[in-house]
Amino acid sequence: MSSPSSEIFRRGVQIQKRTLIAWSAALVLLALSVVSAWPSMESSGALEDFSTGLSPELASALGVDQIASASGYLKGNLYAVLLPLLLGLMAVTATTALTGGDEEAGRLELLLALPVARRQVFLVRFLCVAFGLALTSVLVWLSVYGSAVSLDMDVSAGGVAAVTLTVALLAVLHAGIAYAIVGFGFGRGPALGVAAGVLVVGYLLHGIAPMSDALEPLANVSPWEWALGSDPLLNGVPWGGVALLVAVSVVVVAAGTYAVDRRDIKNA
């Protein structure tokens, strides 16, 4: 990075430091609490009856179809819905705050006065969010696998790393959507609402569409399906899904960067 970009990156990370610490701590505590409940749940036999009464399609949508196994337990209680949703919301809120929020509050004016293109300012701010997501994801992976090993759960380091990677890339994609909306000048509120809406609709397509023969093909357009459809916790990194997540992220970020360079910047 050039010196101005390094300074923008440093300041961006510093601005989100408290929020990043809070999100990371909350997600690590969530992961530890889920894993730590495994021994008591397994010994009680409650997991075997957990999905009783649910249709196979609904159990699969909720990620509890194999919840009696260690990998199925982690999938159903952490990776199928909760962690992707929370990490995605973290990504969207951080992106809109560092870009649209600071623009609307006038806090970008000093940075834009530096000898650096405005597209570079916005792009580096997005990279700050991606850095935070990467750091949080690594902490979650270490927490899940470390505690799983200590409890003798039958999961692999590679499987936990694979599913954590795909969930992180899913969050990056939704951060990119929020970034693109801000780039086109729609502001923090619309960007937050649309990106969060896409996150929820994507889950519905991934989880609910397979229950209907007519809607099942729509599941394939969901980023959740790209990330989690092949059960990376058991089967490893879904390289095709990863390629789609990365490609779409690059496209939306490039579109937002192109747009922000061709519009007026809002003043406070």
Side-chain angles (χ1 to χ4, degrees), residues 1 4-28 83-105 107-108 111-112 116-141 164-200 202 223-224 227 242 245-261 265-266:
M1 284 186 182
S5 294
S6 300
E7 179 63 18
I8 294 168
F9 183 85
R10 185 189 67 79
R11 292 183 62 178
V13 172
Q14 187 175 33
I15 289 169
Q16 66 169 347
K17 180 172 66 174
R18 290 184 180 179
T19 304
L20 179 60
I21 291 173
W23 271 105
S24 297
L27 293 178
V28 166
L83 185 61
L85 189 61
L86 291 176
L87 202 62
L89 290 175
M90 171 189 168
V92 169
T93 54
T95 302
T96 54
L98 281 180
T99 55
D102 277 5
E103 180 184 357
E104 292 169 359
R107 291 189 289 268
L108 288 183
L111 291 178
L112 294 171
V116 60
R118 68 176 64 169
R119 63 179 177 273
Q120 196 169 351
V121 172
F122 277 77
L123 184 57
V124 173
R125 281 293 178 94
F126 177 80
L127 293 178
C128 291
V129 175
F131 170 78
L133 288 171
L135 180 61
T136 301
S137 298
V138 169
L139 291 174
V140 169
W141 170 63
T164 306
L165 170 66
T166 58
V167 167
L169 291 176
L170 182 66
V172 170
L173 171 57
H174 289 87
I177 292 171
Y179 173 85
I181 295 169
V182 170
F184 280 93
F186 289 100
R188 180 182 185 180
L192 183 59
V194 171
V198 171
L199 179 67
V200 173
W224 288 67
V242 166
L245 290 168
V246 172
V248 176
S249 298
V250 169
V251 168
V252 294
V253 170
T257 304
Y258 177 86
V260 79
D261 218 25
I265 297 299
K266 299 174 185 177

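Keep in mind that what you see is a predicted model, and the values were worked out from it rather than measured.
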How many angstroms lie between atom [atom1] of [X] and atom [atom2] of [Y], to the nearest 0.5 angstrom?
X	Y	atom1	atom2	result
Leu135	Trp23	CG	CH2	15.0 Å
Leu20	Gln14	CG	CD	13.0 Å
Leu127	Leu98	CG	CG	11.5 Å
Leu199	Leu170	CG	CG	6.5 Å
Ile21	Gln16	CD1	CD	10.5 Å

Grab the two heavy atoms, one from [X] and one from [Y], that are nearest each other, plus how far apart they are.
X	Y	result
Ala191	Val182	CB-CG2, 3.6 Å
Ala175	Thr95	CB-OG1, 3.3 Å
Gly12	Cys128	CA-SG, 3.7 Å
Gly202	Trp224	C-CD1, 3.4 Å

Could I get the full list of side-chain contact (heavy atoms from CB on, under 4.5 Å) partners for [X], not counting sequence neighbours?
X	result
Val121	Ile8, Leu108, Leu111, Leu112, Val116
Leu169	Leu165, Val242, Leu245, Val246
Phe131	Phe9, Val13

- Message: Please list all pairs meeting salt bridge (Lys or Arg N to Asp or Glu O under 4.0 Å) that have one or both residues in residues 10-26, counting only residues at least two apart or in different chains.
- Response: Glu7-Arg10
- Task: Enumerate the residue pairs fulfilling side-chain hydrogen bond (donor to acceptor under 3.5 Å, both in side chains) with a member in residues 123-140, sequence neighbours excluded, ordered by first and then second residue.
- Result: Ser24-Thr136, Asp102-Arg125
- Message: For residues 165-194, which residue pairs pass the side-chain hydrogen bond (donor to acceptor under 3.5 Å, both in side chains) check, not counting sequence neighbours?
- Response: Tyr179-Thr257
- Message: Around atom CZ of Arg119, are there more than 12 heavy atoms from other residues, nucleotides or ligands closer than 6.0 Å?
- Response: no
- Item | Thr96: partners by side chain to side chain donor-acceptor pair (under 3.5 Å), with sequence neighbours left out | none
Please output the side-chain donor-acceptor pairs of residues 87-94 that fall under 3.5 Å, not counting sequence neighbours, one pair per line with the distance.
residue	atom	partner	partner atom	Å
Thr93	OG1	Leu89	O	2.8
Thr93	OG1	Met90	O	3.1

- Side-chain heavy atoms of Val253 within contact of Phe122, under 4.5 Å: no
